[in-house]
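Any value given below was found using the heavy atoms of this structure, including those in side chains, with hydrogens, waters and symmetry copies removed. Chain letters run A, B, ... following the sequence lines, proteins first, then strands; residues in each count from 1.
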Number of protein chains: 2
Amino acid sequence: MKIGLRHIRYFLVLAEDLNFRRASEHLHISQPALTRTIQHLEAELQVTLFDRSQNFVRLTDAGRAFREGGQRVLNGMEATIDLTRRVSIGEAGALRVGYTDFAIADALPELLKRFHQEHPGITVRPHHGVTATQLQELKDDKLDIGFVTGPVRQPGFQSRVVQTDRPICIVPEGHRLASRKSVALADLADEDFVHGPAEAWAHFYDYLFPLCRKAGFQPRIVQEAFNSVGILGLVSCGMGITILTESIYDFGTGGLVPLPIRDVADVMVTEAVWVSENLRLPTQHFVDFLEHQENS
Amino acid sequence: MKIGLRHIRYFLVLAEDLNFRRASEHLHISQPALTRTIQHLEAELQVTLFDRSQNFVRLTDAGRAFREGGQRVLNGMEATIDLTRRVSIGEAGALRVGYTDFAIADALPELLKRFHQEHPGITVRPHHGVTATQLQELKDDKLDIGFVTGPVRQPGFQSRVVQTDRPICIVPEGHRLASRKSVALADLADEDFVHGPAEAWAHFYDYLFPLCRKAGFQPRIVQEAFNSVGILGLVSCGMGITILTESIYDFGTGGLVPLPIRDVADVMVTEAVWVSENLRLPTQHFVDFLEHQENS
DNA sequence: AGTTTCTGATGCATAATAGGTATCATGAAA
DNA sequence: TTTCATGATACCTATTATGCATCAGAAACT
């Protein structure tokens, strides 16, 4: 014979009532059924849980220990069933969200905050990563939603623009352009540029380089930093200038001058991306959530 | 139908193997039995736990949630059974120990430390209280062992001496007796005394007053403090002198002078006390432990 | 003192549940 | 195509839980 949850349920009611007949009524079973269930439980444990006589029933020390543990087990069981059900209908669960420096600097925090308000049971797990990494992780089912530099037009993905940024030129204090109110892209043709590594920042370059080509030059990149914070650091050291977005610039630590670029109309888009099929429920909820964000 | 531990056990093995046949072999049941148990579990939860096809079986998100919770429930069950068994044989449990200021100041800490080494599963719960309180709590089964000022000779109790203290006289610095090396009891006949309230300290008075009477005086108590720390505080303020034990004096905060009393041979005993019958197992263990302490 | 009325325990028959064997349907590999 | 492995189903059996009737002992009332 094996101890089951039934034994615990019966035991706990009896431990409460300390009376076999009343407990059996609360359990909607007959008194002999309760008596024997408790006997089986005690036999299996090889422990006397109740001191009984015709006049009184009371817990032994071991019975008290079993009551505490049994209560915990039952609570845990109930919580597990509830959680499982809520996960199955998408009320609970985890959502793995990838983000770039550009996304985390602007739209993402507010978006995740609102999502959490609408779906408090879903835990958001943020994963930092550049666009290419995120797209691969989406394919490998390591990620549910990516926030990447767009536009993404690969088959198998769906996406939605969540953020648009105008590029700005960032120069160190004392730079020859630092006193300007704005610059034209062609003004930067002869400058040294600081940027991220080519592979990781490919999607940003896809946006930036065509603009420069139209302006008649190819940026000369003299320094590569690991991320946007590093880029800003190198710029403020006077290693060169860079082109980033306003939101990223806000993370700079000083010693920097932002310059609008007046002849660039194209914006850099950040998109939420997800794989087209077999969405997990939390992902589906997030996609639905994104849809009705268009009003705001 | 109700979910039982059986369902969880089967589920967890299947979640491990992800193969009905192999899992059924590990469980020493037939494959159809496992199939149906999982079906029942899913039906009861109204949740699909496994994606199945002829080629693969894999957990759903809900299945993963259930696996975590189920594992916790099973672990909790096992721990509960184990603890209950250990409580029933006295390997685990709680021991409610009462103590006086005199006991805690000397023998008790070392004694409890050794007891804990011999019975690591038993949790000692200390309760401070004067002798009379402890004896009442022992009767009411609020306490398992009391450490009280003896001798205790009431029926229904058993006791064992664990500590003997010689009384010392404590006077404030600058007192007329402060420069003595020792005093005789009769020297104190005309002093003001500071002591604890009569009801609570009855057992200490039972020891002290007869000694004074033999020396030809009745102590004049001018101040009552709540406990021994308070007594020492009032003495150091110059409110009077007191008679306590050396171990208690060590807790004083300074400004005090201890004086041996040279003509008192009787010691004040502190005893461990317990009720004579129906000892709980941890109590029995402690009593046995006390017995073989006599060597030390 | 006798009777009623509680208590928990037990014997026996029945109902509910779990399990085993044989077999089916389906998809992948040979 | 055949073979093999998978999980699902049908049918019967074994195990376990339950209810009913009843017992035995103690307490409370008459």
Problem - Position toward the 5' end of DNA chain C (nearest nucleotide), A/Q39 or B/R21 - result: A/Q39
Handout entry: Check: B/R6 side chain, C/dG19 base, donor-acceptor under 3.5 Å
Key = no
Problem - C/dG11 base / A/R36 side chain donor-acceptor hit below 3.5 Å - result: yes
Please report, rounded to the nearest Å, how far the [atom2] atom of [N] is from the [atom1] atom of [X].
| X | N | atom1 | atom2 | result |
| --- | --- | --- | --- | --- |
| B/F56 | C/dA28 | CZ | P | 10 Å |
| B/F20 | D/dT9 | CZ | P | 11 Å |
| B/N19 | D/dG7 | CG | C1' | 9 Å |
| B/D17 | D/dG7 | CG | C1' | 15 Å |
| A/L5 | D/dA17 | CG | C1' | 15 Å |
| A/L41 | D/dA17 | CG | P | 11 Å |
| B/R9 | C/dA18 | CZ | P | 12 Å |
| A/I29 | C/dA16 | CD1 | C1' | 14 Å |

Exercise for the section: Identify whether any heavy atom of A/Y10 sits under 4.0 Å from a base atom; if not, whether one sits that close to sugar-phosphate; answer base, sugar-phosphate or nothing. Expected result: sugar-phosphate
Problem - Nearest-neighbour nucleotide for the A/H7 side chain, C/dG8, C/dT7, D/dA17 considered - result: D/dA17
Practice task
Ignoring the backbone of A/H40, work out which of D/dA17, C/dA9, D/dT6 is nearest its side chain.
Solution key: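 Nearest to the side chain of A/H40 among the choices is D/dA17.
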Handout entry: Aromatic A/F66 / basic A/R64 pairing, under 6.0 angstrom, 45° off normal
Key = no
Problem - Distance under 6.0 Å and angle within 45° of ring axis: A/R52 vs A/F56 - result: no
Practice task
Taking the side chain as every heavy atom from C-beta outward, state whether B/L111 and B/Q293 have any pair of such atoms under 4.5 Å apart.
Solution key: yes
Handout entry: Any donor-acceptor N or O pair under 3.5 Å, side chains A/H203, A/Q134
Key = no
Handout entry: Nearest-0.5 Å distance, CG of residue B/D51 to OG1 of residue B/T60
Key = 6.0 Å
Any side-chain N or O of [X] under 4.0 Å from OP1/OP2 of [N]?
| X | N | answer |
| --- | --- | --- |
| A/S30 | D/dT18 | no |
| A/R52 | C/dT7 | no |
| A/T37 | D/dT18 | yes |

Exercise for the section: For B/P32 and for A/P32, locate the closest nucleotide of DNA chain D by heavy-atom distance; then report the residue assigned to the nucleotide nearer the 5' terminus. Expected result: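 Its nearest nucleotide being more 5', the pick is B/P32.
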